[in-house]
2 protein chains.
Amino acid sequence: MATLKQVAAHAEVSVQTVSNALNAPHRLRPDTLQRVTKSIELLNYRPNRNARSLRTSAVELIGYCVPSWPHGQAHLVMDQFLHSLCGAAEATARHILLFTAPVGLKGMPVYEDLHARRLVDGFVLSQTETHDPRHGWLREQQIPFVSFGRVWGETTQPGPFVDVDGAVGCATAVRHLHETGRRRIGFLSWPKTSGLAEDRLSGWRKACEELDLPTKNLAVRCTEDTIEEGARATAELLDSGQGVDGIVAISDILALGALRELGARGLTAGVDVGVTGFDDSPLASVVSPGLTSIRQPMDQIAGELIAILTDKHSSSAVSDESTQQPRSTERLLQPELVIRGSSAPG
Amino acid sequence: MATLKQVAAHAEVSVQTVSNALNAPHRLRPDTLQRVTKSIELLNYRPNRNARSLRTSAVELIGYCVPSWPHGQAHLVMDQFLHSLCGAAEATARHILLFTAPVGLKGMPVYEDLHARRLVDGFVLSQTETHDPRHGWLREQQIPFVSFGRVWGETTQPGPFVDVDGAVGCATAVRHLHETGRRRIGFLSWPKTSGLAEDRLSGWRKACEELDLPTKNLAVRCTEDTIEEGARATAELLDSGQGVDGIVAISDILALGALRELGARGLTAGVDVGVTGFDDSPLASVVSPGLTSIRQPMDQIAGELIAILTDKHSSSAVSDESTQQPRSTERLLQPELVIRGSSAPG
DNA sequence: CTGAAAGCGCTTACAG
DNA sequence: CTGAAAGCGCTTACAG
């Protein structure tokens, strides 16, 4: 493995010049640059990252804790998110370091240790929970981080975040169902303790009210995110005698439950009842009819996360140009409705 | 951030002694060790990983390429695998570095670059394909790696691997269905080009033959891994007039298709027809009835992968104690049948 | 525009 | 059992 020194000797320049050729090529005379570049290629030189990091004290690695779900529930869009996150990191010459940690505050020493030993420069947080204690802890330790997802239940956000506007997403789904002729649109939700659920539900309610559609008794809480619960809640809606002809589900899994219950009653999704899910998980395109679903723009989310985390100015409280809160560290992105057969046949 | 030097000054010893306290505590006198340990704690010292890696030229990082599926298909057990892999790496004080790369040979420069710049010590490969060219390429470059999954289509494996015995898994499923009274057991498969599919199919066939069950016209090929195709193939089996009462599917998705087709015909999975899937993906426990499925032992797989990759002897052709092929670099693990309602009601 | 030198924070033979 | 010194491969002021 060639070193800087060897390249320098080969090109008959100093190591400093080779380093500059790599990191500040404009400082070199064109002919020198070309000579050095040729030597680099000839010797197949690749700068040693550890030496660089030791010197600059930046490892260009971002820590991400592999989520572990309690009840064996999976993060169905996990590979989409990771792929986008890796891609965004690589676009800035960085990479993602994966690790595991206990849930909540108990896991923080792991975060702290990774940062203290300089395995990572900072963290991307996800699976944000209501009153999530991690954000505040990291901020106090002055450890750089950015969150995918707002921390619900706080009046002021404990740090920079990127999130998707779930309320807008659900409102869009309602409007789409309305446009396809639905007039009694139910909502399949989660328990009230979820800030995420309340946000999405508010979008459904608001859109219904704006369209003069009823909402009373049309929102059903599911105790867990399973097909079974989705089917049960759908049965409850269908049996309520309100003539439900549309269902906005807060997750693809619950929507799948809706599809199953419809099928069991001899009803056709997309014809008799329009159904939408949330997340556009791989399942949405694999069922039949395809499931209309609200897609989070993963590439954009990942790009914003990395941009915020790696922006030098983001850690300073106020940017030079303005005295207001630096807007760029709080990004709310718009989801996209992916329409399939469950809401629009043919 | 405290350094070795500061700890040494505080404990009134040389830096060498502090280093030894951390890496070879047995070399110190108990009282010295205690004094040094106290200083380390007091100063909250954490060794800088970059400095260590620069010196030892080992980064303790293992590269893993985030799989990207062509047709938006997801790796449903991806988070299980990653969680296990991270855990196994951490158990040996290592971590996983994630990256993206083009599929096949085109991606190899990315692997080579990560290794050359010392971002990783080696790689864990997965999503192994028939005649996968990556393994041979890495071996030629002398880049350490281990594969999750055999390379099908080769007479001799191009490198160390850990795999799960899919044939045994499917045979177990057949025997289970037989024990619950099934006598005409179909097999839902993939195209013949998949070595993985042929392996699993062979297990189904062998078990059927041993139990004197028919196999003729009972294996159906699905063109893609979707619920739709699983349903279609199931319909084909049911319509063939062979009195099919059991279905072993090569994937959970195809099994879900089977469940849907049964439901559409008013048949009850687990009662009228026993159904099994493969992978025990999160879906298996979320559908109703629960899907009986063949589970790959992820923790064990990950443990073996890391053990092989980090074993000093694994790269040498022959171990000292014996002259035969070092058995420990080719591990075939046994899957486990997770029984749920789709094959055994109540 | 180019080069000699210091130093990032460790580990590792090598003496004592 | 303990310590002084070299060196891993870079980058970065600082001179020239």
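The chains referred to below are lettered A, B, ... by the order of the sequence lines, with proteins before strands, and numbering in each begins at 1. Please read these numbers as outputs of a predicted model, since none were measured by experiment.
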Those residues at least two apart in sequence (or on a different chain) that pass salt bridge (Lys or Arg N to Asp or Glu O under 4.0 Å) with E12(B) are none

So, does R118(A) use its side chain to make a donor-acceptor pair with the main chain of V120(A) at under 3.5 Å?
yes

Of the residues in residues 31-41 of chain A, which ones touch DNA chain D at a heavy-atom distance under 4.0 Å?
none

Hey, which of these two, L54(B) or V13(B), hits DNA chain D nearer its 5' end, going by closest nucleotide?
V13(B)

Report yes or no: do R46(A) and N44(A) form a side-chain donor-acceptor pair below 3.5 Å?
yes

What does the 5'-to-3' dot-bracket notation of DNA chain D look like when only Watson-Crick and G-U wobble pairs under 3.5 Å count, and pairs to other strands show as |?
|||.||||||||.|||

Just by distance, with hydrogens left out, do T310(A) and T92(A) show a side-chain donor and acceptor under 3.5 Å apart?
no

Could you check whether R117(A) gets within reach of a base, just the sugar-phosphate, or nothing at all, counting any heavy atom under 4.0 Å?
nothing

Here the distance between atom P of dC10(C) and atom CZ of R118(B), to the nearest Å, is 20 Å

Could you pull out all residues at least two apart from E60(B) that satisfy salt bridge (Lys or Arg N to Asp or Glu O under 4.0 Å)?
none

Less than 4.5 Å apart, side chain to side chain, heavy atoms only: is that true for N48(A) and T3(A)?
no

Member of F81(B), Y64(B), F161(B) meeting the ring-ring contact (aromatic ring centres under 6.0 Å, His included) criterion with F148(B):
F81(B)

Tell me whether the count of non-hydrogen atoms from other residues, nucleotides or ligands lying under 6.0 Å of CD in Q334(B) goes above 12.
yes

Readout for nucleotides 11-16 of chain C: B = base within 4.0 Å of protein heavy atom, S = sugar-phosphate only, - = neither; 5' to 3' it is BBB---

Describe, in one word, how the ring planes of Y111(B) and F99(B) are oriented to each other, choosing from parallel (under 30°), tilted (30 to 60°) and perpendicular (over 60°).
perpendicular

Taking only the side-chain nitrogens and oxygens of T17(A), find out if one of them lies under 4.0 Å from OP1 or OP2 of dG3(C).
yes

Atom NZ of K5(B) and atom C1' of dG3(D): how far apart are they, to the nearest Å?
15 Å

In whole angstroms, how far is the P atom of dG9(C) from the CZ atom of R46(B)?
15 Å

If I compare all heavy atoms of T100(B) with all of V66(B), which pair ends up nearest, and what's the gap?
CG2-CG2, 4.3 Å

Can you list the residues that meet the salt bridge (Lys or Arg N to Asp or Glu O under 4.0 Å) rule with R55(A), with sequence neighbours excluded?
none

What's the CZ-C1' distance between R49(B) and dC8(D), to the nearest Å?
16 Å

Taking atom C1' of dC1(D) as reference, at what distance in whole Å does atom CZ of R29(B) sit?
6 Å

Can you tell me how far C1' of dG3(D) sits from CG of L28(B), to the nearest Å?
12 Å

